[in-house]
Peer 1: 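First the structure, which I've put down as structure tokens, then a few questions once you've had a look.
Below, read A as the first sequence line, B as the second, and so on, with proteins coming before strands; counting in each chain starts at 1.
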Amino acid sequence: MDSTYQPKIIEKAAQDAWTKADVYRVVEHAKGKSGLPKPKFYACSMLPYPSGKLHMGHVRNYTINDVMLRHLRMKGFNVLMPMGWDAFGMPAENAAIANGAPPAEWTYQNIADMKAQMQPLGLAIDWTREVTTCKPDYYKWNQWLFLKMLKKGIAYRKTQLVNWDPVDQTVLANEQVIDGRGWRSGALVEKREIPGYYLAITKYADELLDSVHTKLGGWPSQVRAMQENWIGKSVGVRFAFTHNVSDETSGKLIQEGKLFVFTTRADTIMGVTFCAVAPEHPLAKHAAKGDAKVAEFIRNAQAGGTTEVELALKEKEGVATGLFVVHPLTQEKIPLWVGNYVLMTYGDGAVMGVPAHDERDFVFAHKYKLAIKPVIDLGKPYTIDAWQAFYAERGLCIHSGPMNGMPFEQAIDYVAAATKAGGGERKTTWRLRDWGISRQRYWGTPIPIIHCHGGPDSPGCGAVPVPEKDLPVILPEDLIPDGSGSPLKKDQRFIKCACPICGKPAERETDTMDTFVDSSWYFMRYCSPDAATSMVDARNDYWMPMDQYIGGIEHAVLHLLYARFWTKVMRDMGLVKFDEPFTNLFTQGMLSAECFYRADMAGKKRWYYPDEVTVTHDDKGRPTGAVAVDDGLPVTLGGMEKMSKSKNNVVEPKDIIAKFGADTARAYVMFAGPPEQSAAWSDSGAEGVHRFLKRLYTYGVWSKNASTGAPVKAFESLSAGAKKLRFEIHSILQQANHDYTRLQYNTVVSAAMKMLNTLDDCKTEQGADWQMARNEALTILLRTLYPLAPHLTWQLWHDLGYVAQYGEIIDAGWPLPDTNALERDELELVVQVNGKLRGHILVPKAASKEAIEALALADAGVAKHTEGKPIKKLIVVPGRLINVVV
RNA sequence: GCCGGGAUGGCGGAACUGGUAGACGCACUGGACUCAAAAUCCAGCGGUGGCAACAUCGUGCCGGUUCGAUUCCGGCUCCCGGCACCA
């Protein structure tokens, strides 16, 4: 045993031993010592994108996972912790453009690099289950399920308005449009109608929403609320205004003479003073043909980004079409406008305008001097200035003819019934849209479709699914994108093929799937990573649904919603037997760190690295400022900010491991704060944890020399002092066990520190009973700390000879508090006078209430405050306190 | 605007079902060891008054319930996160 703590040597030895014994290989239906099957527990972290660099956020995420695994494994669970790579995606393509190398090469190199950076952390990952989403044996099943969905009508092809970058020749996601320009090319983005494949997630909208309330009890309320929000259910009425506008070329009435609108406030139908349609609406397009002003308005409205934020900030504008529609109840002629605030993608792309009871309609009507007609009695004076606060309020209908006096629900029913003949009905509308999965990108799963265009003698077979036997459609890995669209479009080897139906020359679809497809089911593939003939197999039924999913809050909607949807689709195809994939979800907080800057005359900030500055304090420890090391001049304290490269406050895991070792890195990221909250990184805090581990090692060395390894038994005969030590250790253990179950790992570290402090305090005590109690305490401390600092505790467990007595630490069983140790002969009670602490008394365990009261009143500190005052009441809380009310 | 979460020393944070507020750690101050420094160890460390014992105030603000409130209830303020022309 070395005399000093040397994490590098210890961590290498521990990891070598674990690798040799293959301890983290997990099999299904494993049995415990008793011969009974162990309960399973599947704990999984969201899979990382292989950027090539492991950061502290990863360390925190995987450490939470690892601590959970080691704790539960010691408690007798069969625990799975897998790892994989979200390996498709745009960064690889961008790197490829920059480096002139294929994305595959970059990706595989990054995976190797990240794995190497993860390795020193000592994570209990079962690497035999590694999944890499860019490998054909994985994405084959994306294609396979896609074809199944196509057959069932869950996947379908449609043409829809998207952001189009004319320079890069690709569709851009809304997030990739910045100020109306392509994020990479800088070109003005156009809106184009592009055909693509969609997954009908809206078919599952009801179930997805319903389960948020009934089946996601183990999820944070914030994430549940966000999903609910995103799905966005609105209940109302859909009905039609009529018109007689017909298309010149066909002569037919546009949309059969009906302008459908959706509203949640059908009770205000008598307050309609105009209707408005989206610029893309057929009636708007028609009006544009005959009216240059309308045409120009539509052109302007379509320029610029389509993000919801941009749209929301735009001023409400419109133009009259000169057309009129007929109100279904009053037969009144209502003017039809085109409004930039009407969304083609929500409802029918048209709204009824009720300026008196809708904020947007009011602003619009006010601007264009349209009539405003109140039809709800709110019992308040109704003036233009004052009523804006009352938009959302409900009341009885007024000025509404046959609806006068009706309350909200009755009015809604009335309108649904009265418009029924014209197609009106009660209707639920969703914010959720079908999931467009086509990307004009190279580095993704090829969509398994063949386009048969036919020739002069035949019309062709159209878009033909690739037959199942021909899967996977392999993505060529050797292409180098040049930035102008997908290189697949130029790769004849890939494109040219024969039509599976007619056998004539045809072309492969060159679009690839959104990478969110890859992450929608990888956690199931971990369960049966080598299943060659099926997507998942019986092993998936054993592990899933996942018991604990751990990841960042940034995936609260997209990934977690897609994965839930994908699971339900698989269930309906008979592939899995459960409804929801993730029983419990844990969202970890992000990491922040102190930052420092100096601003120049123009206000531009120069950010300093922490080691470039010295912070000064006053004699109470308050920071008073900071100076740069190089010139000694002051720099500004920038406070705690999210770790980011631009602010030079990123802490690299490899630096921390090199300086302190993995155990310190692990224990400190847990100790820094409650895992679900954001935590502030502090170098001196990490040093503090390292100091603790050093002290523990030093104690271990002392213990080996001082103690003869006295066996832990016969606790009844201990001296009072040794009994007190046991009481303290077991009390701390009880608290630590509770904190483990609620994943509050920060206070578990505190508990281990307290145990060591307690042990250090009684080092001078001599005698066999003390040795015995200290020995027991140390076995408890090491096991309590093991999940957080597995290397050091593994080493000490060996050095102190516990392996011979109990086996390897991971197999030694989880320590439970001994109820005998928690029993005390004397209890210390707190005495309060009028709720204020005035004294402490020691009472025998079996003391009667009267005896306790007498002792309490006799206490000097208490007597001082009760003197000369009549005692109104005495409250005795058994085992805790006495409150004297005077 | 809507939804969710939060506010406790100089700092990160603790206090599980109302019961000793500030555990544990950091920073800071003083001391020991040392030629010196680092490391280590010991002591102190919410504010105010006091040499001290002690007193008094104190968990964002106002009020309530209670013998007793960081914890429960009502009303605010501020901060963080998400959504947002959704008809």
Peer 1: Describe, in one word, how the ring planes of A:Tyr341 and A:Phe364 are oriented to each other, choosing from parallel (under 30°), tilted (30 to 60°) and perpendicular (over 60°).
Peer 2: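 Rings of A:Tyr341 and A:Phe364: tilted, 30 to 60°.
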Peer 1: Looking only at N and O atoms, is any donor in the side chain of A:Lys316 or the base of B:rC85 less than 3.5 Å from an acceptor on the other one?
Peer 2: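 Flag set: donor-acceptor pair detected.
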Peer 1: Less than 4.0 angstrom between a side-chain N/O of A:Arg433 and OP1 or OP2 of B:rC86, yes or no?
Peer 2: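 No.
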Peer 1: Closer than 4.0 angstrom, basic N to acidic O: yes or no for A:Arg224 and A:Glu228?
Peer 2: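 The answer is no: the pair does not qualify as a salt bridge.
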Peer 1: Looking at every strand, decide which applies to A:Lys694 at a 4.0 Å heavy-atom threshold: base, sugar-phosphate, or nothing.
Peer 2: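 Sugar-phosphate only.
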Peer 1: Taking only the side-chain nitrogens and oxygens of A:Arg880, find out if one of them lies under 4.0 Å from OP1 or OP2 of B:rG68.
Peer 2: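 A:Arg880 to B:rG68 OP1/OP2: no side-chain N or O under 4.0 Å.
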Peer 1: Which whole-number value in Å describes the distance from A:Leu432 CG to B:rC83 C1'?
Peer 2: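 These atoms are roughly 14 Å apart.
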Peer 1: Output the single nucleotide from B:rA23, B:rC86, B:rG19 whose closest atom is nearest the side chain of A:Arg360.
Peer 2: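 It is B:rC86.
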Peer 1: With both distances under 3.5 angstrom, what nucleotide forms a Watson-Crick or G-U wobble pair with B:rG1?
Peer 2: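 B:rG1 is paired, partner B:rC83.
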Peer 1: Could you tell me how far B:rA55 sits from B:rG6 if I compare only their C1' atoms? Round to whole Å.
Peer 2: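 Going atom to atom, C1' in each nucleotide, I get 35 Å.
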Peer 1: Looking for any heavy atom pair under 4.0 Å, which part of the strands does A:Val885 touch: base, sugar-phosphate only, or nothing?
Peer 2: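 Touches sugar-phosphate only.
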Peer 1: Of all the choices, B:rC16, B:rC24, B:rC67, which nucleotide is nearest to the side chain of A:His738 once you look at every atom?
Peer 2: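 From the listed options, B:rC16 comes nearest.
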Peer 1: Should B:rG46 form a Watson-Crick or G-U wobble pair with both distances under 3.5 Å, which nucleotide is its partner?
Peer 2: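 Base partner found: B:rC57.
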Peer 1: Ignoring the backbone of A:Ser221, work out which of B:rG4, B:rU20, B:rA87 is nearest its side chain.
Peer 2: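 Closest nucleotide among those given: B:rG4.
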Peer 1: For the residue pair A:Arg824 and A:Phe727, would you count it as a cation-pi contact if the rule is NZ or CZ under 6.0 angstrom from the ring centre and within 45 degrees of the ring axis?
Peer 2: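 The answer is yes; both the distance and angle limits are met.
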Peer 1: For B:rG68, give its Watson-Crick or G-U wobble partner with both distances under 3.5 Å, or none.
Peer 2: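 B:rG68 is unpaired by these criteria.
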Peer 1: Start at the 5' end of RNA chain B and walk down; is the nucleotide closest to A:Asp761 or to A:Trp430 reached first?
Peer 2: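 On the 5' side of the pair lies A:Asp761.
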Peer 1: Could you check whether the rings of A:Tyr668 and A:Trp681 sit parallel, tilted or perpendicular, using 30° and 60° as the cut-offs?
Peer 2: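 Perpendicular: the ring planes of A:Tyr668 and A:Trp681 meet at over 60°.
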Peer 1: Look at the aromatic rings of A:Phe241 and A:His327 and report parallel, tilted or perpendicular, splitting at 30° and 60°.
Peer 2: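 It falls in the perpendicular class, over 60°.
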Peer 1: Nearest whole angstrom, please: distance from the C1' of B:rC85 to the CZ of A:Phe362.
Peer 2: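 From A:Phe362 CZ to B:rC85 C1': 16 Å.
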Peer 1: Let's see if you can work this out: which of B:rC85, B:rC67, B:rC83 has an atom nearest to the side-chain heavy atoms of A:Asn883?
Peer 2: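 Nearest nucleotide to the side chain: B:rC67.
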Peer 1: Check the distance between B:rC54's P and A:Lys836's NZ and give it to me in whole angstrom.
Peer 2: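 Spelled out: NZ on A:Lys836 to P on B:rC54 is 16 Å.
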Peer 1: Give a yes/no answer on whether the side chain of A:Ser234 brings an N or O atom under 4.0 Å of OP1 or OP2 in B:rA87.
Peer 2: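 Indeed, a polar side-chain atom of A:Ser234 lies that close.
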Peer 1: Which heavy atom of A:Val272 sits nearest a heavy atom of A:Ile334, and at what distance?
Peer 2: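 A:Val272 and A:Ile334 have their closest heavy atoms at O-CD1, 3.9 Å.
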Peer 1: Let's test this: given Watson-Crick or G-U wobble pairing with both distances under 3.5 Å, identify the partner of B:rU40.
Peer 2: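 Paired with B:rA32.
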Peer 1: Taking only the side-chain heavy atoms of A:Ser750 (C-beta and beyond), determine which of B:rG81, B:rG68, B:rA23 contains the nearest atom.
Peer 2: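 So the nucleotide nearest the side chain must be B:rA23.
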Peer 1: Using Watson-Crick or G-U wobble geometry with both distances under 3.5 Å, which nucleotide pairs with B:rU77?
Peer 2: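 Result: B:rA7.
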Peer 1: What's the gap between B:rA53 and B:rG60 when it is taken at their C1' atoms, as a whole Å value?
Peer 2: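 Here B:rA53 and B:rG60 have their C1' atoms 35 Å from each other.
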Peer 1: Counting only distance, no hydrogens or angles, is the base of B:rC83 paired donor-acceptor with the side chain of A:Asn229 under 3.5 Å?
Peer 2: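 When only heavy-atom distances are counted, A:Asn229 does not reach the base of B:rC83 through any donor-acceptor pair under 3.5 Å.
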Peer 1: Applying a 4.0 Å non-hydrogen cut-off, can you work out what A:Arg838 is touching in the nucleic acid: base, sugar-phosphate, or nothing?
Peer 2: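 Answer is sugar-phosphate: A:Arg838 comes under 4.0 Å of backbone atoms only.
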Peer 1: Given A:Asp358 and A:Arg265, is the salt bridge (Lys or Arg N to Asp or Glu O under 4.0 Å) satisfied, shown in steps?
Peer 2: CA-CA 9 Å; A:Asp358 182 275; A:Arg265 290 300 303 270; over 6 Å; no
Peer 1: For A:Thr698, report the nucleic acid contact type (base, sugar-phosphate, nothing); a contact means any heavy atom under 4.0 Å.
Peer 2: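 Answer is nothing: A:Thr698 stays at 4.0 Å or more from every strand.
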Peer 1: Using the P atoms only, state how far B:rC86 lies from B:rU77, rounded to an integer number of Å.
Peer 2: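 That atom pair is separated by 25 Å.
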Peer 1: Between A:His555 and A:His559, how do the two ring planes meet: parallel, tilted or perpendicular, split at 30° and 60°?
Peer 2: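 Perpendicular: the ring planes of A:His555 and A:His559 meet at over 60°.
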Peer 1: Could you tell me how far B:rC16 sits from B:rU71 if I compare only their P atoms? Round to whole Å.
Peer 2: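 So the two P atoms sit 12 Å from each other.
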Peer 1: Once you apply a heavy-atom cut-off of 4.0 Å, does A:Arg691 come out as touching a base, just sugar-phosphate, or nothing?
Peer 2: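 Sugar-phosphate: the residue A:Arg691, judged by heavy atoms under 4.0 Å, touches backbone atoms but no base.
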Peer 1: Could you tell me whether A:His690 contacts a base, only the sugar-phosphate backbone, or nothing, with contacts defined as non-hydrogen atoms closer than 4.0 Å?
Peer 2: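 Counting heavy atoms under 4.0 Å across all strands, no contact is made by A:His690.
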Peer 1: Looking only at side-chain atoms of A:Ser682, point me to the closest of B:rC26, B:rG4, B:rA87.
Peer 2: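 For A:Ser682, the side-chain atoms sit closest to B:rC26.
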Peer 1: With the side chain of A:Arg695 defined as its heavy atoms from C-beta on, choose the nearest nucleotide among B:rG4, B:rA23, B:rC41.
Peer 2: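 Nearest to the side chain of A:Arg695 among the choices is B:rC41.
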Peer 1: Applying a 4.0 Å non-hydrogen cut-off, can you work out what A:Gly232 is touching in the nucleic acid: base, sugar-phosphate, or nothing?
Peer 2: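 No contact.
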Peer 1: Is there a side-chain polar atom (N or O) of A:Gln744 under 4.0 Å from OP1 or OP2 of B:rA15?
Peer 2: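 Yes, within the criterion.
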Peer 1: Nearest whole Å is fine: how far is B:rA14 P from A:Met753 CE?
Peer 2: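 My rounded result for the distance is 14 Å.
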Peer 1: Could you tell me how far apart A:Lys642 (NZ) and B:rC80 (C1') are, to the nearest whole angstrom?
Peer 2: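 Nearest whole value for this atom pair: 14 Å.
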Peer 1: Scan A:Glu687 against the nucleic acid and name what it touches under 4.0 Å (heavy atoms): base, sugar-phosphate only, or nothing.
Peer 2: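 The answer is nothing, as A:Glu687 stays clear of every strand by at least 4.0 Å.
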Peer 1: What do you reckon, is CZ of A:Arg880 surrounded by more than 12 foreign heavy atoms closer than 6.0 Å?
Peer 2: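 Counting other residues, nucleotides and ligands, CZ of A:Arg880 stays at 12 neighbours or fewer.
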Peer 1: For B:rA14, give the paired nucleotide (Watson-Crick: N1-N3 plus N6-O4 or O6-N4; G-U: N1-O2 and O6-N3; both under 3.5 Å), or none.
Peer 2: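 Its partner: none found.
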Peer 1: Suppose you measure atom C1' in B:rA52 against the same atom in B:rC41; what distance do you get, rounded to whole Å?
Peer 2: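 The answer is 28 Å between these two C1' atoms.
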Peer 1: To the side chain of A:Gln832, which of B:rG4, B:rG19, B:rA14 is closest?
Peer 2: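 The answer is B:rG19.
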Peer 1: By the 4.0 Å heavy-atom rule, please label A:Val223 as base, sugar-phosphate, or nothing.
Peer 2: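 The residue A:Val223 makes no contact with any strand.
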Peer 1: In whole angstrom, give the distance that lies between atom NE2 of A:His357 and atom P of B:rA87.
Peer 2: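 After rounding, the gap between these two atoms is 17 Å.
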Peer 1: Taking only the P atom of each, what is the distance from B:rA23 to B:rG44 in whole angstrom?
Peer 2: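 Nearest-Å result for B:rA23 against B:rG44 at atom P: 12 Å.
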Peer 1: Classify the glycosidic conformation of B:rG5 as syn or anti, calling it syn when the angle lies within 90° of 0.
Peer 2: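 Chi for B:rG5 falls in the anti range.
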Peer 1: I want to know whether A:His690 and A:Tyr5 have ring centres closer than 6.0 Å.
Peer 2: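 Centroid separation for A:His690 and A:Tyr5: below 6.0 Å.
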Peer 1: For B:rU8 and B:rU70, measure between their C1' atoms and round to the nearest Å.
Peer 2: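 B:rU8 and B:rU70 have their C1' atoms separated by 7 Å.
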Peer 1: At under 4.0 Å between heavy atoms, what does A:Asn757 touch on the DNA or RNA strands: base, sugar-phosphate, or nothing?
Peer 2: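 Sugar-phosphate contact only.
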Peer 1: Can you figure out which of B:rC85, B:rA14, B:rC83 approaches the side chain of A:Thr747 most closely?
Peer 2: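 For the A:Thr747 side chain, the nearest candidate turns out to be B:rA14.
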Peer 1: CG of A:Asn746 versus C1' of B:rA14: gap in Å, rounded?
Peer 2: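 From A:Asn746 CG to B:rA14 C1': 8 Å.
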Peer 1: Rounding to a whole Å, what distance do you find between A:Asn834:CG and B:rU20:C1'?
Peer 2: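 After rounding, the reported distance stands at 16 Å.
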Peer 1: On RNA chain B, nearest-nucleotide positions of A:Leu837 versus A:Pro674: which is more 5'?
Peer 2: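 Nearest nucleotide further toward 5': that of A:Pro674.
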Peer 1: Expressed in whole Å, how much space separates the C1' atoms belonging to B:rG22 and B:rC73?
Peer 2: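 Pairwise C1' distance, B:rG22 against B:rC73, rounds to 26 Å.
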